S.K.: 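Got a structure for you, questions after.
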Amino acid sequence: MTRLTDLGPARAGALMMIAAGVLFAVINLLTQYATMMLHVPSARMAFWQYFIALLFSLPWVVREGLRAMKTHNLMLHLLRVAAAVIGVQLWIAGLAHVPIWQAIALIMLSPFFVTLGANLFLDEAATPERWIAVTVGFAGGMIILAPWSESFSLFVLYPVGAAAFWALTSLLTKRLTRSETPESLTVYLLLMLSPVNFGLALGDGIALGGGLTALILVAAGLLTALAQYAIAKAYAVADAAYLQPFDHLKLPLNVGFGVLAFGFVPPGSMWIGSLMILAASFYLLRQESRAAQPA
């Protein structure tokens, strides 16, 4: 059986990022259903989703012992959590009002922030192949969004803000992987998110609810724990800028789920944009895999 480490950094990182994208697509589907159809307040949704994710991550702490909690970068952990909290709140608030295909298209701005930040703050090479892939992927997202023909509202701006803060979260994640394990990164994020989200949810009430609502919140929490671990693992083995085009794959995944669950059918240009995103992602994987091969 092939192990993840046998695939090489490029393929292993891409695989983990794609896995995280699939998990987050399901999470977004559950989140939009809970907030739009069941009228769960977005702050309450965020609290329970990440608190339950924390509960599912506790076995890692038990298994690893105190070693998983030791760190010399507490300030970076705090900054990462602050960026993640703002991003989560903006994203869930956006999903409560914006069709999922439009929200995902706007979140495509995040790779631009990550690529620029990786070059400026992480000393990662900004290769022409990376810029080509990110630019083509972003262009595909813009074709899907068609901002020149949409009437923007304050709600539509929420995913844009989430893109900026999640880009900062990604950069801090990559920086911390130099000294922290994926388990430590996941547990610290979930542990610190819970009290902040709790405070933000107090105004709307924090009752878990019962029946379908509770089931959705528990499922979202479990998938969130798995997705956060997959992201941390991806950044531990591959460059942040290289991984961003694979984050574009969340667009066709979320669009497909949105159509099936809610009937959110985007314009026909969505298919052109999705093909551009997929082409950019696989182009970069091929280029990086070739570069990693010995001469």
Side-chain angles (χ1 to χ4, degrees), residues 17 20-21 23-25 27-28 31-32 35 41-47 49-51 53-54 73-98 100 102-122 124 134 137-138 141 145 152-177 180 185-186 188-201 220 224 227-228 230-232 234-235 240-241 243-248 250-251 254:
M17 191 59 109
L23 291 169
F24 276 122
I27 293 166
N28 290 336
T31 299
Q32 190 148 72
T35 54
S42 58
R44 185 193 302 175
M45 179 74 198
F47 165 68
Q49 177 183 339
Y50 283 89
F51 178 69
L54 171 62
N73 296 289
L74 182 59
M75 184 56 66
L76 287 181
H77 278 293
L78 292 174
L79 290 174
R80 177 172 175 254
V81 169
V85 165
I86 297 172
V88 166
Q89 294 293 332
L90 289 173
W91 177 245
I92 294 180
L95 285 181
H97 301 280
V98 179
I100 197 166
Q102 191 176 39
I104 291 294
L106 285 169
I107 212 74
M108 304 292 282
L109 294 170
S110 186
F112 265 114
F113 297 126
V114 171
T115 301
L116 178 61
N119 178 245
L120 293 177
F121 303 114
L122 298 179
E124 292 185 5
V134 171
F138 178 80
L145 177 61
F152 284 90
S153 67
L154 181 62
F155 295 126
V156 180
L157 295 178
Y158 287 172
V160 177
F165 282 100
W166 278 347
L168 178 57
T169 304
S170 296
L171 291 169
L172 291 170
T173 298
K174 178 59 182 177
R175 174 62 181 80
L176 283 165
T177 57
E180 312 291 308
L185 287 169
T186 303
Y188 263 106
L189 179 66
L190 297 176
L191 182 65
M192 294 181 177
L193 273 176
S194 294
V196 178
N197 284 334
F198 176 80
L200 294 173
T224 297
Q228 291 292 343
I231 288 177
Y235 284 124
L243 290 171
Q244 291 316 296
F246 298 99
D247 199 34
H248 290 320
K250 64 190 175 190
L251 181 55
N254 281 273

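Everything quoted here is computed from the prediction, not taken from an experiment. We're numbering straight along the sequence, starting at 1.
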S.K.: Measure the CD-CG distance between Gln228 and Leu23 for me, rounded to the nearest 0.5 Å.
M.R.: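 Reported to 0.5 Å precision, the distance equals 10.5 Å.
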S.K.: Roughly how far, to the nearest 0.5 Å, is the CG atom of Leu79 from the CG atom of Leu171?
M.R.: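 Reported to 0.5 Å precision, the distance equals 12.5 Å.
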S.K.: Hey, what do you get for CE (Met45) to CD (Gln32), rounding to the nearest 0.5 Å?
M.R.: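 These two atoms lie 11.0 Å from each other.
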S.K.: Taking all non-hydrogen atoms of both residues, which atom of Asn197 and which atom of Tyr50 are closest, and how far apart?
M.R.: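 That would be ND2-CB, 4.0 Å.
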S.K.: Check Leu168 against Ala83 and note the closest heavy-atom contact, atom names and distance.
M.R.: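 Where Leu168 meets Ala83 most closely, the heavy atoms are CD2-CB, 3.8 Å.
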S.K.: How close do Asn28 and Leu95 get, heavy atom to heavy atom, and via which atoms?
M.R.: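 That would be OD1-CD1, 3.8 Å.
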S.K.: From Ile92 CD1 over to Arg44 CZ, what is the distance, rounded to the nearest 0.5 angstrom?
M.R.: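 So the CD1 of Ile92 and the CZ of Arg44 are separated by 13.0 Å.
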S.K.: Would you call Val88 and Trp166 a side-chain contact if the rule is heavy atoms closer than 4.5 Å?
M.R.: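 When only atoms from C-beta onward are counted, Trp166 and Val88 do touch, with a gap below 4.5 Å.
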S.K.: Where do Ala20 and Ala227 come nearest, in terms of heavy atoms and distance?
M.R.: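 Looks like CB-O, 4.0 Å.
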S.K.: Any idea which heavy atoms bring Ala96 and Thr35 closest together, and the distance?
M.R.: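 Closest pair (atom of Ala96, atom of Thr35, distance): CA-OG1, 3.7 Å.
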S.K.: When you compare the side chain of Leu76 with that of Glu180, does any pair of heavy atoms fall below 4.5 Å?
M.R.: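 The answer is no; the side chains never approach within 4.5 Å.
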S.K.: Which atom pair, heavy atoms only, marks the closest approach of Ser194 to Phe51?
M.R.: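 Looking at all heavy atoms of both residues, the closest pair is OG-CA, 3.5 Å.
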S.K.: Could you check Thr169, Leu90, Leu200 and say which one makes a side chain to side chain contact (heavy atoms under 4.5 Å, CB included) with Val85?
M.R.: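 When side chain to side chain contact (heavy atoms under 4.5 Å, CB included) is applied between Val85 and each of Thr169, Leu90, Leu200, only Leu200 qualifies.
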S.K.: Is the Phe155 ring parallel, tilted or perpendicular to the His97 ring (thresholds 30°, 60°)?
M.R.: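 Parallel.
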S.K.: Rounded to the nearest 0.5 Å, how far does CZ of Arg80 lie from CE of Met192?
M.R.: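 Output value for this atom pair is 10.0 Å.
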S.K.: Mind checking the OG1-CZ spacing from Thr224 to Phe24? Nearest 0.5 Å is all I need.
M.R.: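 Between Thr224 OG1 and Phe24 CZ, I get 6.0 Å after rounding to 0.5 Å.
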S.K.: Can you check whether Tyr235 reaches Met17 side chain to side chain, under 4.5 Å on heavy atoms?
M.R.: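 Side-chain contact under 4.5 Å: yes.
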